[in-house]
Amino acid sequence: MNNQDVAKLFKNVAAAYAIKDEKKFRFQILAYQKASEAIAGSTSELKDLYKEDKLNSVPGIGSTIKSRIEELFRKGHVEHFDSVLEGIPGSVFVLLDVPSLGPKKAYKLTSKFSLTNPKTVVDNLINEAKEGNIAKIPTFGEKSQEDILTALLEYKQGKNKTERMVLPYASEIADKIIEYLKKSSAINKVATLGSLRRRMPTVGDIDIAAASDNPKEAIDRFVSYPYKERIIEKGPSTASFLTSGGKQVDFMVQPVEGFGALLQHFTGSKNHNVHLREYALKKGMSLSERGIKDLSKKDGRIRSFDSEEKFYKALGMQWIPPELRENKGEIELAANNKLPFLVELKNIRGDLHIHSSFPIEPSHDLGNNSIKEMVQKANYLNYEYIGFSEHNPNISRHTNKQIYDLIAKRNDEIEQIKSSIKSVRIIKLLETDILPSGELAIDDKSLNLLDASIVSIHSGFNMEKKKLTDRILKGLSHPKVKILAHPTGRLLNERAGYDLEWDKIFDFCKKNNKAIEINAWPLRLDLPDVLVKEAIKYGVKFVINTDSHAVDQMNLMKYGVDVARRGWATKNDILNTLSYNKFIEWIKK
DNA sequence: GCCGTTTTCGGCCCGACTGTTTTCAGTCG
């Protein structure tokens, strides 16, 4: 049973409580929902935490839930849950994934039509809707029936609740809509919010906010967007539609003077807002997207804010960068004026993971552009230095001598370019495979041709956690090796990363002066932000790299900086913010 | 069932929108 399974179980338990008695179990429902979300987002496997007796370290897991999880791993099921879930067919939990259906409606519908089979419930319910039977149930009607049918059909086609978008894709859709909105005179200001603004690696819904003196016209403009599938809802201050690609776009409008509170509210995260509101309540203030209510005054007047800075200031705290708004302690630090000063794109002075098209006969893919073209791009980006890190020559088709010669040839080419382009310094690196044994793919003689090496693993992922950790530590321990690239190997929406004993890795890197890469490739964004935050506690340093295989890809650096910022990294944590001399000093250390 | 600048009891964010009602329940963010 992995984290996702447990998260799903807890979500179902919360739903079961809601079905049985929502009022009575109100706080249990909240507790299980919160625990479910925390578990789904945890970087540690619950099973490991259970073995180490560290379940309490997950926020939202207290003594009761801890003992439930222990029982779950010990016996495979939890007696208390069995009784909570009793009488609720599995079909109900399938319907929970259909938008517009929650626990109550799902339960009513399955009971009314005796649909207990999870595998057939969606099809059967579609038939009931088509035959007009849903509209006959009290509290349902013709419109509900129609909406449910639409939602079920879309669910079956996989049109909604599909996989989350990677950040650049979501940005592009949002930019198009914003472009469209700006052409309306009713829109004074417009911005993306939600997870997009927090720069999450993947984005579920796209949130857009506008300031307008004519909200009605602004909403009309929004729902008239030509590339939409259908409108989901439309009210006086909010609306949403589904794009033709099946992605939901939410839109909110406030008058110009209230835009700050709106930005704050819809940037989230949910957990940040909940905590911020609890914090404000203790100070006698009630927060909403409209502004701040002073509870000590009886007039119920809401004070509005045209900027977020003023909104946070009214709460007695610093403005909090959106990337930090995940309820990880940022509120308390902001109240004490102690937020970290996060690294910015303009601090980056070089890119160290570059694949050129030099014919090094590599183990994996070659780049598309020449060394010279990549250097010119680095110059255009105002970098001080660039590091070439092609994959090592394929070891099954070359002798050690041939490998040595190929690397030497590449170095010759670099030397030539060095003499023609002086504005950018070039560092001779290589992305060397760590073999399953922990040995490096090339020998010391070849490694000595380099200023340093980046290492990574590209095969044999399916090793046990401890073995994989030892393998990586062995690879890292070579004196020429300075950077561990894309450390989890994850590919967003494709494969989960491999799990390592991160405490050992971080500890080793700190003690031996090795850096960890934050890979900016949008499908990787690896090391993930939560682990960045964890590594910083150990004092580990990072290098943010694009892993570019073409000139244009060097523009992706910003996505790596996003990850660093979400991991609370300052300029001091990122080595490629150093000057060339300082960076080389670190490499030689 | 969780949790602590109201700290081991007594609180627990706030509002929008929709459909089916005629004041509210359910869902969502």
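These figures come from a predicted structure and were not determined experimentally. Per chain, numbering begins at 1; letters A, B, ... match sequence-line order.
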Rounded to whole Å, please give me the gap between [atom1] in [X] and [atom2] in [N].
X	N	atom1	atom2	value
A:Q33	B:dT27	CD	C1'	12 Å
A:K11	B:dC28	NZ	P	9 Å
A:R325	B:dG29	CZ	C1'	16 Å
A:F81	B:dG1	CZ	P	8 Å
A:I69	B:dG1	CD1	C1'	12 Å
A:L262	B:dG29	CG	C1'	13 Å
A:E326	B:dG29	CD	P	16 Å
A:I206	B:dC28	CD1	P	19 Å

Ignoring the backbone of [X], work out which of [options] is nearest its side chain.
X	options	answer
A:K293	B:dG1, B:dG29, B:dG15	B:dG15
A:E289	B:dA16, B:dT27, B:dG1	B:dA16
A:Q28	B:dG29, B:dC2, B:dG1	B:dG1
A:Y17	B:dT27, B:dC14, B:dG1	B:dG1

Specify the residue among A:P103 and A:S288 whose closest nucleotide of DNA chain B lies further upstream toward the 5′ end.
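On the 5' side of the pair lies A:S288.
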
Could you check A:K282 against A:Q248 and say which one's nearest nucleotide on DNA chain B is further toward the 5' end?
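Its nearest nucleotide being more 5', the pick is A:K282.
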
Please output the side-chain donor-acceptor pairs of residues 81-89 of chain A that fall under 3.5 Å, not counting sequence neighbours, one pair per line with the distance.
residue: A:D82; atom: OD2; partner: A:H77; partner atom: ND1; Å: 2.6
residue: A:S83; atom: OG; partner: A:H80; partner atom: O; Å: 2.8

For the [atom1] atoms, the ones on [N] and on [M], what distance do you get once it is rounded to whole angstrom?
N	M	atom1	value
B:dT22	B:dC28	C1'	24 Å
B:dT20	B:dT27	C1'	14 Å
B:dT6	B:dG11	C1'	9 Å
B:dC12	B:dC17	P	26 Å
B:dT21	B:dG26	P	13 Å
B:dT8	B:dC14	P	23 Å
B:dG4	B:dG19	P	41 Å
B:dG29	B:dC13	C1'	12 Å

Ignoring backbone atoms, test whether [X] places a side-chain nitrogen or oxygen under 4.0 Å from the OP1 or OP2 oxygen of [N].
X	N	value
A:R68	B:dG1	yes
A:S100	B:dG26	no
A:H80	B:dG1	yes
A:R277	B:dG15	no
A:K270	B:dG29	no
A:S63	B:dG1	no

Side chain to side chain donor-acceptor pair (under 3.5 Å) between A:T570 and A:D573, intermediate numbers included:
CA-CA 5 Å; A:T570 66; A:D573 299 311; 3.1 Å; yes

Tell me whether the ring of A:F27 lies stacked over the B:dC2 base, given a 5.5 Å limit on centroids and a 30° limit on the plane angle.
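Here the ring of A:F27 and the base of B:dC2 are not stacked, as the 5.5 Å and 30° limits are not both satisfied.
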
Name the residue from A:H272, A:K270, A:R198, A:K533 that meets the side chain to side chain donor-acceptor pair (under 3.5 Å) definition with A:E326.
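Only match with A:E326 under side chain to side chain donor-acceptor pair (under 3.5 Å): A:R198.
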
Over 60° means perpendicular and under 30° means parallel, so classify the ring planes of A:Y32 and A:F10, tilted if in between.
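Taking A:Y32 first and then A:F10, their aromatic rings stand perpendicular (interplane angle over 60°).
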
Close N/O contacts between protein and nucleotides 17-19 of chain B (under 3.5 Å):
residue: B:dC17; atom: OP1; partner: A:P236; partner atom: N; Å: 3.1
residue: B:dC17; atom: OP1; partner: A:S237; partner atom: N; Å: 2.8
residue: B:dC17; atom: OP1; partner: A:S237; partner atom: OG; Å: 3.4
residue: B:dC17; atom: OP1; partner: A:T238; partner atom: N; Å: 3.0
residue: B:dT18; atom: OP1; partner: A:K234; partner atom: N; Å: 2.7
residue: B:dT18; atom: OP1; partner: A:K234; partner atom: O; Å: 2.7
residue: B:dT18; atom: OP2; partner: A:K234; partner atom: O; Å: 3.3
residue: B:dG19; atom: OP1; partner: A:K143; partner atom: NZ; Å: 2.7
residue: B:dG19; atom: O3'; partner: A:S144; partner atom: OG; Å: 2.7

Would you mind classifying the nucleic acid contact of [X] as base, sugar-phosphate or nothing, using non-hydrogen atoms under 4.0 angstrom?
X	value
A:R290	sugar-phosphate
A:L30	nothing
A:H272	nothing
A:F25	nothing
A:L276	nothing

Test: salt bridge (Lys or Arg N to Asp or Glu O under 4.0 Å). Region: residues 114-126 of chain A. Which pairs qualify, not counting sequence neighbours?
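Passing the test, one end in residues 114-126 of chain A: A:D123-A:K156.
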
Enumerate the residue pairs fulfilling salt bridge (Lys or Arg N to Asp or Glu O under 4.0 Å) with a member in residues 203-216 of chain A, sequence neighbours excluded, ordered by first and then second residue.
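As it turns out, the salt bridge (Lys or Arg N to Asp or Glu O under 4.0 Å) pairs with a partner in residues 203-216 of chain A, which skip direct neighbours, are A:K216-A:D220.
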
Take A:K105 and A:S144 through the side chain to side chain donor-acceptor pair (under 3.5 Å) test and state the conclusion after the steps.
CA-CA 11 Å; A:K105 286 185 183 174; A:S144 307; 5.7 Å; no

Ion pair present between A:K558 and A:D562, side-chain N to carboxylate O less than 4.0 angstrom?
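Salt bridge flag = no for A:D562 with A:K558.
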
Give none if B:dT8 has no partner; otherwise give the nucleotide forming a Watson-Crick or G-U wobble pair with it, both distances under 3.5 Å.
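Answer to the pairing question: none, since B:dT8 forms no Watson-Crick or G-U pair.
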
Tell me every residue that passes side chain to side chain contact (heavy atoms under 4.5 Å, CB included) with A:E70, counting only those two or more places apart in sequence or in another chain.
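For A:E70 the side chain to side chain contact (heavy atoms under 4.5 Å, CB included) partners, ignoring immediate neighbours, are A:Y50, A:D53, A:L55, A:K66, A:S67, A:R74.
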
Tabulate below the donor-acceptor pairs under 3.5 Å that side-chain atoms of residues 274-281 of chain A make, not counting sequence neighbours, or state none.
residue: A:H275; atom: NE2; partner: A:E332; partner atom: OE2; Å: 2.8
residue: A:R277; atom: NH2; partner: A:H265; partner atom: ND1; Å: 2.7

